[in-house]
Participant: 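This structure is in structure tokens; I'll ask about it shortly.
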Number of protein chains: 2
Amino acid sequence: MRLSSMADYAVVAMVAAARQCPTAGADGDARARANAGQLALETGLPAPTVQKLVSRLVAAGLLTSARGAGGGLALARDAHDISLADIVEAVEGPIALTPCVEGISHDCAPGLGCSVRPHWPVVNEALRLALSGVPLTRLMTPQDDVDMVQ
Amino acid sequence: MRLSSMADYAVVAMVAAARQCPTAGADGDARARANAGQLALETGLPAPTVQKLVSRLVAAGLLTSARGAGGGLALARDAHDISLADIVEAVEGPIALTPCVEGISHDCAPGLGCSVRPHWPVVNEALRLALSGVPLTRLMTPQDDVDMVQ
DNA sequence: TAAAATAAGACCGAATCAATCCGATTTAAA
DNA sequence: TTTAAATCGGATTGATTCGGTCTTATTTTA
């Protein structure tokens, strides 16, 4: 039930990216793009780690990258349209509490016929829904007033 | 985002326990209690693993145990009142996606003052709510018709 | 054309986790 | 009183994954 450190760091890195390139993407590539080194400096994370993170985030379509001198990173879409679920899935893959769903095998309980298995997709979807409800913009606000969610 | 194997097995073990001791607790200790060995046989899990699991489940108050010959296990309360959240918390501890909440330290991003941290409790509570909505009785049904939630 | 700056991928050490085993304690039955 | 059965607790071993570092390839500017 714990998030992997990489996913945890990815959330922090995305918040930092959203601050440095507030609404990139719309105004072309002429903007001042933030690079991985600047993100590492702001977040305090080791630079190679941030580089590996942005690689996955770019591959997942959450960030856009420009190579070469003067290159850097930019948010692929508006920060309001990026949720926690997007970031977690970009780093950890599909949201699934158990490996039952992915592969065909993994017979943890062959004797039962595993009556539990058919119910996992429902739980996974509920979790995904909960994470989808948290946009990146909410994580950017430094205030600590807890916004009551039911 | 993956459940630990122990928590995964605990869910299967609890389902098996709920089948062998349908509604124990009310009718005293005179019932036929299932022991850890029988649960291991039915679930296909290794016996030592099941023993360690039931230890934690008893400590968490989900199962009651009777030591000595003729002893065994019984559900502490009705299967309908035991949720996925209870089982996960019994094995893994409090539901928290990041270690930020528990301890005071763990400064993953000292530069930012970690604007993300105050928002984690909200996410954790949402996840806990999703898991609390799945009672043990639902997991016992062997049918694979997906009951639409949402 | 050359140099510099960037992203992207491969490699390796380390830590956590899962699984197993062994002993101690307790209770019921013979 | 003795024996057997069953839980409880800790300690050990092995493996998988995670985190970090390094090297390579590509692109842009001067």
Side-chain angles (χ1 to χ4, degrees), chain A residues 1-10 12-13 17 20-21 29-30 32-41 43-74 76 88 90-93 98-99 106 108, chain B residues 1-10 12-13 17 20-21 28-41 43-74 76 90-93 98-99 106 108-109:
Chain A
M1 208 54 207
R2 211 47 80 72
L3 220 57
S4 74
S5 297
M6 281 300 182
D8 187 1
Y9 296 162
V12 179
Q20 296 200 4
C21 339
D29 295 7
R33 309 170 86 103
N35 54 20
Q38 294 172 351
L39 258 59
L41 242 64
T43 57
L45 300 171
T49 299
V50 176
Q51 254 186 5
K52 176 178 288 190
L53 281 176
V54 297
S55 296
R56 300 196 210 179
L57 293 171
V58 168
L62 298 183
L63 293 177
T64 61
S65 65
R67 304 180 65 163
L73 304 164
V88 171
V91 176
E92 294 192 348
T98 61
H106 184 71
C108 55
Chain B
M1 208 54 207
R2 213 44 80 78
L3 220 58
S4 75
S5 297
M6 281 299 183
D8 188 1
Y9 296 161
V12 179
Q20 298 200 0
C21 339
D29 294 7
R31 284 195 54 100
R33 308 171 85 103
N35 56 20
Q38 294 170 352
L39 259 58
L41 243 63
T43 57
L45 299 172
T49 300
V50 176
Q51 255 184 6
K52 177 175 287 189
L53 279 176
V54 296
S55 297
R56 300 197 209 178
L57 292 171
V58 168
L62 298 184
L63 293 177
T64 61
S65 66
R67 303 180 64 164
L73 305 164
V91 177
E92 295 192 347
T98 61
H106 184 69
C108 55

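Each chain gets a letter, A, B and so on, in the order its sequence line appears, and its residues count up from 1. Small disclaimer: the values here were computed from a predicted structure and weren't measured.
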Participant: Check the interface with nucleotides 27-30 of chain C: list each N/O to N/O pair with the protein under 3.5 Å, or write none.
Facilitator:
unit_1	atom_1	unit_2	atom_2	d
C/dT27	O2	B/A69	N	3.2
C/dA28	O4'	B/A69	O	3.3

Participant: Tell me the interatomic distance from B/Q38, atom CD, to D/dA5, atom P, rounded to whole angstroms.
Facilitator: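 Rounding to the nearest Å, CD of B/Q38 and P of D/dA5 are 14 Å apart.
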
Participant: Kindly give the atom pairs (protein nitrogen or oxygen, nucleotide nitrogen or oxygen) under 3.5 Å for nucleotides 20-24 of chain D.
Facilitator:
unit_1	atom_1	unit_2	atom_2	d
D/dG20	OP2	A/T49	OG1	3.3
D/dG20	O6	A/K52	NZ	2.4

Participant: Would you say B/S4 reaches C/dC17's phosphate, i.e. side-chain N/O to OP1/OP2 under 4.0 Å?
Facilitator: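 Negative; the distance criterion is not met.
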
Participant: Find the bend of the helix from C/dT1-D/dA30 to C/dA30-D/dT1 as the angle between its two terminal axes (five pairs each), to the nearest 10°.
Facilitator: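 End axes: 10° apart.
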
Participant: B/A36 near the nucleic acid: base, sugar-phosphate alone, or nothing, with a heavy-atom cut-off under 4.0 Å?
Facilitator: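 Counting heavy atoms under 4.0 Å across all strands, the contact made by B/A36 is with sugar-phosphate only.
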
Participant: Counting side-chain heavy atoms from C-beta on, which of C/dT6, C/dA8, D/dA6 comes nearest to A/V58?
Facilitator: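 Side chain of A/V58 sits closest to C/dA8.
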
Participant: Donor-acceptor pairs are to be reported for all side-chain atoms of residues 50-64 of chain B against protein atoms at under 3.5 Å, with residues two or more places apart or in another chain.
Facilitator:
unit_1	atom_1	unit_2	atom_2	d
B/S55	OG	B/Q51	O	2.9
B/R56	NH1	B/V91	O	3.2
B/T64	OG1	B/R33	NH2	3.2
B/T64	OG1	B/A74	O	3.3

Participant: Just the rounded figure in Å: distance from C1' of C/dT16 to CD of B/E92.
Facilitator: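 The answer, rounded to whole Å, is 14 Å.
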
Participant: Going from CE on A/M1 to CZ on B/R2, what distance comes out if it is rounded to the nearest 0.5 angstrom?
Facilitator: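 The distance works out to 12.5 Å.
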
Participant: Find the distance A/R2:CZ to D/dC18:C1' and express it as a whole number of Å.
Facilitator: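 In whole Å, D/dC18 C1' lies 15 Å from A/R2 CZ.
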
Participant: Taking only the side-chain nitrogens and oxygens of A/S65, find out if one of them lies under 4.0 Å from OP1 or OP2 of C/dA8.
Facilitator: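 Checking A/S65 against C/dA8: at least one side-chain N or O falls below 4.0 Å of OP1 or OP2.
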
Participant: Please tell me if the side chains of B/L3 and B/E92 come closer than 4.5 Å, counting only heavy atoms from C-beta onward.
Facilitator: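 Of all side-chain heavy-atom pairs linking B/E92 with B/L3, at least one is under 4.5 Å.
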
Participant: Applying side chain to side chain donor-acceptor pair (under 3.5 Å), can you list everything that pairs with B/S5, at least two apart in sequence or on another chain?
Facilitator: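 Testing B/S5 for side chain to side chain donor-acceptor pair (under 3.5 Å), a comparison that skips the adjacent residues, returns none.
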
Participant: CG/A/N35 to CG/A/L41 distance, rounded to the nearest 0.5 angstrom?
Facilitator: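 Result: 9.5 Å between the selected atoms.
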
Participant: Check side-chain contact (heavy atoms from CB on, under 4.5 Å) between A/P48 and all other residues, then give those that pass, not counting sequence neighbours.
Facilitator: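 side-chain contact (heavy atoms from CB on, under 4.5 Å) list for A/P48, sorted by chain: A/P46.
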
Participant: Could you tell me the separation between the CG atom of A/L45 and the P atom of D/dC18, rounded to a whole number of Å?
Facilitator: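 Between P of D/dC18 and CG of A/L45: 17 Å.
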
